[in-house]
Amino acid sequence: MKDTKVSVLGLGIIGSVWTKHYDDAGVLAASWNRSPKPESPLWEKDPADAAAKGDVIHLCVFDPPSVRETLERINPTLGPEKTVVQSTTIDPESAEKFASMVSETGASYVEAPFTGSKPAAEAKKTVFFLGGGPTVVSRVDPTLALLSRKCFVFESPRQAATIKLAMNHQISAITEALCEGISWARSAGLSDDQFFDVLRENVAWSGVAGLKEDKIKNMDFSPQFSLRNMQKDLRLAEECSPFHLPSLSLVKERLTEALEAGMGDDDFVSLLRLLP
């Protein structure tokens, strides 16, 4: 395993955690971020220099344009000995384009969006959705095992990107309902403990409720997954969906309202602050 070296490009909330895990495992080759983070282990100023040092190049940036820009900058370093693992949440069409872009260099490509916010990343319990050929997916399995508890494998980068957006649609819609429900309960004089005690015995209980319970009770909006990222994901989902998804559009508008109110770098449970 230590023979396969990993370069991490993108050191946001999740990428910085993954970098530490790779470093602790002795497989980190280099790290890079679009805004300088020289405190990161094995920091490189240029993405091409970082990519040149790794066998696996793990991308976790922000959106399709930032993925394209990064791939263009590292393109001269790519070749048959390289594998690009692309974990930024993007749209299905972009996933296909980036796969072709990388394949033209002779390098391998795996679309690898994921579920699990900062606590899951810290606990090495990220779940990946992998889209790529079986050979390359098998090749990156030992690397991603350093970060994850499970990998789902799909036929293509397009499918992997689609399932990620579909999952974030579920998460955001549940979160909006959760915020509305507790705001209503609070207005009736019910305590947060009463609300969550009842919710735990109701079929509406969810992993989102479990993850966000303490944050809601404490009105703690420090980011596990930023509102800015969730708004971007729903915007991509709305743009690429083959038909209108009413609840997705509604929650995207709510996230946009919160973003414009200056909550972009806070946790997406900041939707709560839009309610009375």
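Note that the structure is predicted; figures quoted are calculated from it, not measured. Counting begins at 1 with the first residue of the sequence. Computation of the quantities below employed the complete heavy-atom set of this structure, encompassing side-chain atoms and omitting hydrogens, waters and symmetry-equivalent molecules.
Under a 3.5 Å cut-off, the side chain of S270 and the backbone N or O of D267 do form a donor-acceptor pair. One N or O on the side chain of D63 and one on the backbone of S66 form a donor-acceptor pair closer than 3.5 Å.
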Name every donor-acceptor pair, under 3.5 Å, that has one atom in a side chain of residues 113-123 and the other anywhere in the protein, sequence neighbours excluded.
none

When the side chains of residues 195-210 are checked against the rest of the protein, which donor-acceptor pairs come out under 3.5 Å, sequence neighbours left out?
{"from": "D197", "atom 1": "OD1", "to": "R200", "atom 2": "NH2", "distance (Å)": "2.9"}
{"from": "R200", "atom 1": "NH1", "to": "E213", "atom 2": "OE1", "distance (Å)": "2.7"}
{"from": "R200", "atom 1": "NH1", "to": "E213", "atom 2": "OE2", "distance (Å)": "3.3"}
{"from": "N202", "atom 1": "OD1", "to": "A204", "atom 2": "N", "distance (Å)": "2.8"}
{"from": "S206", "atom 1": "OG", "to": "V208", "atom 2": "N", "distance (Å)": "3.3"}
{"from": "S206", "atom 1": "OG", "to": "A209", "atom 2": "N", "distance (Å)": "3.0"}

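Defined by atom type and a distance below 3.5 Å, a donor-acceptor pair is missing between the side-chain atoms of S7 and H58. D193 and S191 share no donor-acceptor pair across their side chains, judged by distance under 3.5 Å alone. With no hydrogens or angles considered, no side-chain donor-acceptor pair links Q224 and K215 at under 3.5 Å. At a cut-off of 3.5 Å, with distance as the only test, a side-chain donor of D91 or S94 sits close to an acceptor on the other residue. R73 and T70 share no donor-acceptor pair across their side chains, judged by distance under 3.5 Å alone.
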> Do T126 and R149 pass the side-chain hydrogen bond (donor to acceptor under 3.5 Å, both in side chains) test, and can you show the C-alpha distance, the side-chain angles, and the key distance before you say yes or no?
Replying inline: CA-CA 6 Å; T126 297; R149 65 177 178 84; over 6 Å; no
> Between D141 and S138, does a side-chain hydrogen bond (donor to acceptor under 3.5 Å, both in side chains) hold up when you go through it step by step?
Replying inline: CA-CA 5 Å; D141 270 347; S138 296; 4.8 Å; no
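Screening D233, L234, L236, L245 for a side chain to side chain contact (heavy atoms under 4.5 Å, CB included) with K252, the sole residue that qualifies is L234.
A salt bridge is defined here as a Lys NZ or Arg NE, NH1 or NH2 lying under 4.0 Å from an Asp or Glu carboxylate O, and K82 with D55 fails to meet this definition.
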